[in-house]
Structure formats: structure tokens, C-alpha cells
There are 2 protein chains.
Amino acid sequence: MKNSQLYKGSLNTIIMKLLEENGRMYGYEITQKVKLITKGELNITEGALYPALHKLEADGHLDVEVERVDNRMRKYYKLTETGEKETVNRLAELEEFIKNMQSLVSGAPKTDLQF
Amino acid sequence: MKNSQLYKGSLNTIIMKLLEENGRMYGYEITQKVKLITKGELNITEGALYPALHKLEADGHLDVEVERVDNRMRKYYKLTETGEKETVNRLAELEEFIKNMQSLVSGAPKTDLQF
DNA sequence: CAAATATACATAAATTTCTTATGTATAATA
DNA sequence: TATTATACATAAGAAATTTATGTATATTTG
């Protein structure tokens, strides 16, 4: 993807969440969806997306179905059962991450262990 | 740092924000502060921190002052003027990033260009 | 209708960022 | 006195991404 490096490390979570939400999607569709949702701010590059999809598949998190639409190839991906469980974990991690980042930038260090 | 890869790419922003807030800090202090704020969830490793500080300094975002406290060396870092401006940008990017990630995971794609 | 853009996949080289593993040194604690 | 805490540093390797290509078909535009 292309933008501030903050997005580094979030690609897999994004892919899995979109698949969880939409049932099945193909690569190009994912890039367009993300562009829409982020109003053009996040553009997933092919060089990042396809290897990520292949790895998620290799790890058993995704299943693939190849189809030909309008004489063009599409590879539809959907979450496996394992992938669904993993998605739940990743989304929980994302929530924690966001909370922590908000704590860090809101200058709210308090609420510490006090004896 | 050590955790879900979501934190990848956020180290510089964290460092700069903490320096903006605290005036000046030394490396070890930063690791402890982050640990406290995130309640132990985010542990910045030395192998990530020190190279990051050196790079920020090389890029003109940080100034260093070496001091000896209790017979131990400390390298205090503070933002340069350039660094302060850059920090504003990075924090804005972080806010956008968080918003975008929330849009992505909250399943709220709507509000698109409609003609 | 030719050229450019959009759709749709893929991979390889280089870069960036971080982890893991060390290393040095002093102070405090068990 | 051995371990843990404080405080710095760097180097090798891994992982994720960027950048640059490549192939192929469909659609739009000048």
C-alpha cells in the first residue's frame, strides 16, 4: 500500500476484515473497496496485495476460486474456518492497538498502577 | 518494539509525540514511558529504538545532549524546529490513519461520491 | 480507430523497519 | 556475589512493503 508508513503491518487485518464482511472478494475488488472507504487516502499496491493474499492462502486462512468474468480472470478469496477465527483475533489486536496509540497521542499516561 | 506487527511504522510517531509532550527524554526513559502508558502492551526494543533515534537525529528532527547522571551516560533528545513541524504532520497522519482503520473495521463504507 | 485507461493477475529486486542476538558498562538489589 | 535494572550500541536476519516490470483483455477517449 502507499501512504504514511503507519499502514505497514495492517494489510492482512484489512484484507481479512473485508472478507469477513463481504463473504468473498477478488484482489482488484479489495483495492477499489479500500480506496472508496478511505476516500482515496489508502491505495493498496498490487506488489503488496497479491503476495499477501498468497501468504494468507498458504497459511490456511483463505480459500480461492478462480472464475472467468467478461473473459477476464478473477480469483475470488474467502475466509476458511481457521481464517475466521484468526480474523477475530486480529480485529481484537487492532482495537487494542488503536486504543494504545490514542493513549500515546492524547497525552493521557495516567491510570497507572498505584499502591 | 514487540507485539502485533500493527505497530510497525508507528515508532517514529510515538517518539516524536513523547518528545513534543515532555520536552526532552533519553532513550531508556522512552521505553519505560511507553510501557507505562500502554500498560505493558507495547515494549519498544533497544534494537528498534536506538537506530530510530539516530535516524531522526540524522534527518534533523532531533538534537542530542549527552549527560552523566549517577555515573551513567544519558543521551537526552529533544525536537528541533524542523522536528516540531514534522511532528504536527505525523500526528495529523496518525489521526487520519486511525479514522481510516476505524472506517475499515466498523464496516462503514458509505458516504461515497454520489451524483 | 489508435491510444490511453481500466480491469485483473503476477513476480522480482530493492528498501525499510523491526526482531533477535550480542556487547559494554555502572548501580542496585537479592 | 549473582541477578536485575539502568543505559547505551550495533550487526545479522526476517518480514512487509515499494518500485518496477510483465502479461492479457475490455473499455473509453481523442
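No experiment lies behind these values; they were computed from the predicted model shown. Reminder, nothing fancy here: chain letters follow the sequence lines and each chain counts from 1.
The side chain of Lys55(B) contributes no N or O atom lying less than 4.0 Å from OP1 or OP2 of dT16(C). Taking side-chain N and O atoms only, Arg72(A) has no distance below 4.0 Å to OP1 or OP2 of dT25(D). For the OP1/OP2 pair of dA9(D) and a distance below 4.0 Å, the side-chain nitrogens and oxygens of Tyr50(B) include no atom meeting the criterion. OP1 or OP2 of dA27(C) lies within a sub-4.0 Å distance of a side-chain N or O belonging to Asn71(B). Residue His54(A) has no polar side-chain atom (N or O) positioned under 4.0 Å from OP1 or OP2 of dC9(C). Contact between the side-chain N/O atoms of Tyr26(B) and the OP1/OP2 oxygens of dA7(D) is found at a separation under 4.0 Å.
A straight line from CD1 of Ile44(B) to C1' of dT20(C) spans 17 Å, rounded to a whole angstrom. Taking atom CG of Leu49(A) as the reference point, atom P of dA16(D) lies 14 Å away to the nearest angstrom. In this structure, the CG atom of Leu53(B) is 12 Å from the C1' atom of dA7(D), given to the nearest Å. One atom, OH of Tyr7(B), and another, C1' of dA16(D), lie 18 Å apart when rounded to the nearest Å.
Side-chain contact check for Val64(B) versus Tyr76(B): every heavy-atom pair is 4.5 Å or farther apart.
The residue Glu29(A) sits apart from the nucleic acid: no heavy atom pair falls under 4.0 Å. Backbone-only engagement by Gly27(A) is indicated by non-hydrogen atom pairs under 4.0 Å involving sugar-phosphate atoms exclusively.
Out of dA16(D), dT25(D), dA7(D), the shortest distance to the side chain of Gln5(B) is found at dA16(D). Between dA8(C), dC8(D), dT17(D), one nucleotide has an atom nearer to the side chain of Lys8(A) than all others, and that is dT17(D).
If you find the closest nucleotide of DNA chain D to Arg74(B) and to Arg68(A), the one lying nearer the 5' end belongs to Arg74(B).
Residues from residues 89-100 of chain B lying near DNA chain C, meaning a heavy-atom separation below 4.0 Å, are absent.
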